[in-house]
Enquirer: 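Here's a structure for you.
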Amino acid sequence: VLQYRSVLAIALFVLAVSLQMARACWEEAVLARAFPAFAAYRLRTSFLVPRDPVRFLTMFIADPMARRRSALVVSSTVGLLVLVLTVLPRLA
């Protein structure tokens with residue numbers, strides 16, 4: 001959207017977000033059918049945005065496992081981005 005700044009880009013962005021939201025809702029329905037305990041988990045956990053963002057962020061400070069998982073996700077994302085930025089220009 002920021003790159004093209006057009007109505008079509010905005011429409012495609014809205015479509016992509018809508019499809020991802022629908023997929024997430026469908027996935028939750030599948031999880032609820034597959035795992036009986038999912039309903040209780042869903043009551044404790046918000047859908048997309050944490051209910052208490054401060055508590056959510058302090059969890060990463062207090063929990064070493066959460067810090068390790070976050071570091072793994074961030075480093076994997078950066079590594080994948082570097083790989084794409086390195087390989088993609090050579091393919092063109």
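These numbers were taken from a predicted model, which means no experiment stands behind them. Count residues from 1 along the sequence. These values consider heavy atoms only, across backbone and side chains, with no hydrogens, waters or symmetry-generated copies.
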Enquirer: How far does CD1 of Ile10 sit from CG of Leu15, to the nearest 0.5 angstrom?
Expert: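 Going from CD1 on Ile10 over to CG on Leu15, the span is 13.5 Å.
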Enquirer: A quick test of your reading: do over 12 heavy atoms of other residues, nucleotides or ligands sit less than 6.0 Å from CZ of Phe47?
Expert: yes
Enquirer: If two hydrophobic side chains count as joined below 4.5 Å and joins carry through other members, does Val14 share a cluster with Met21?
Expert: yes
Enquirer: For Leu83, run the side chain to side chain contact (heavy atoms under 4.5 Å, CB included) check against Leu81, Val87, Leu85 and tell me which one passes.
Expert: Val87
Enquirer: State yes or no: do Val54 and Ile61 share one hydrophobic cluster built from I, L, V, M, F, W and Y residues joined by side-chain heavy-atom distances below 4.5 Å, directly or via other members?
Expert: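 No, Val54 does not connect to Ile61 through the hydrophobic network.
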Enquirer: Evaluate side-chain contact (heavy atoms from CB on, under 4.5 Å) for Ser76 paired with Leu72, printing each intermediate quantity in order.
Expert: CA-CA 6 Å; Ser76 300; Leu72 179 65; 4.0 Å; yes
Enquirer: Listed by chain and number, what are the side chain to side chain contact (heavy atoms under 4.5 Å, CB included) partners of Ala11, not counting sequence neighbours?
Expert: none
Enquirer: What residues form a side chain to side chain contact (heavy atoms under 4.5 Å, CB included) with Val73, not counting sequence neighbours?
Expert: Thr77
Enquirer: Not counting sequence neighbours, list each pair that qualifies as a side chain to side chain donor-acceptor pair (under 3.5 Å) and has a residue in residues 25-46.
Expert: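 The answer is Arg23-Glu27, Glu28-Arg42.
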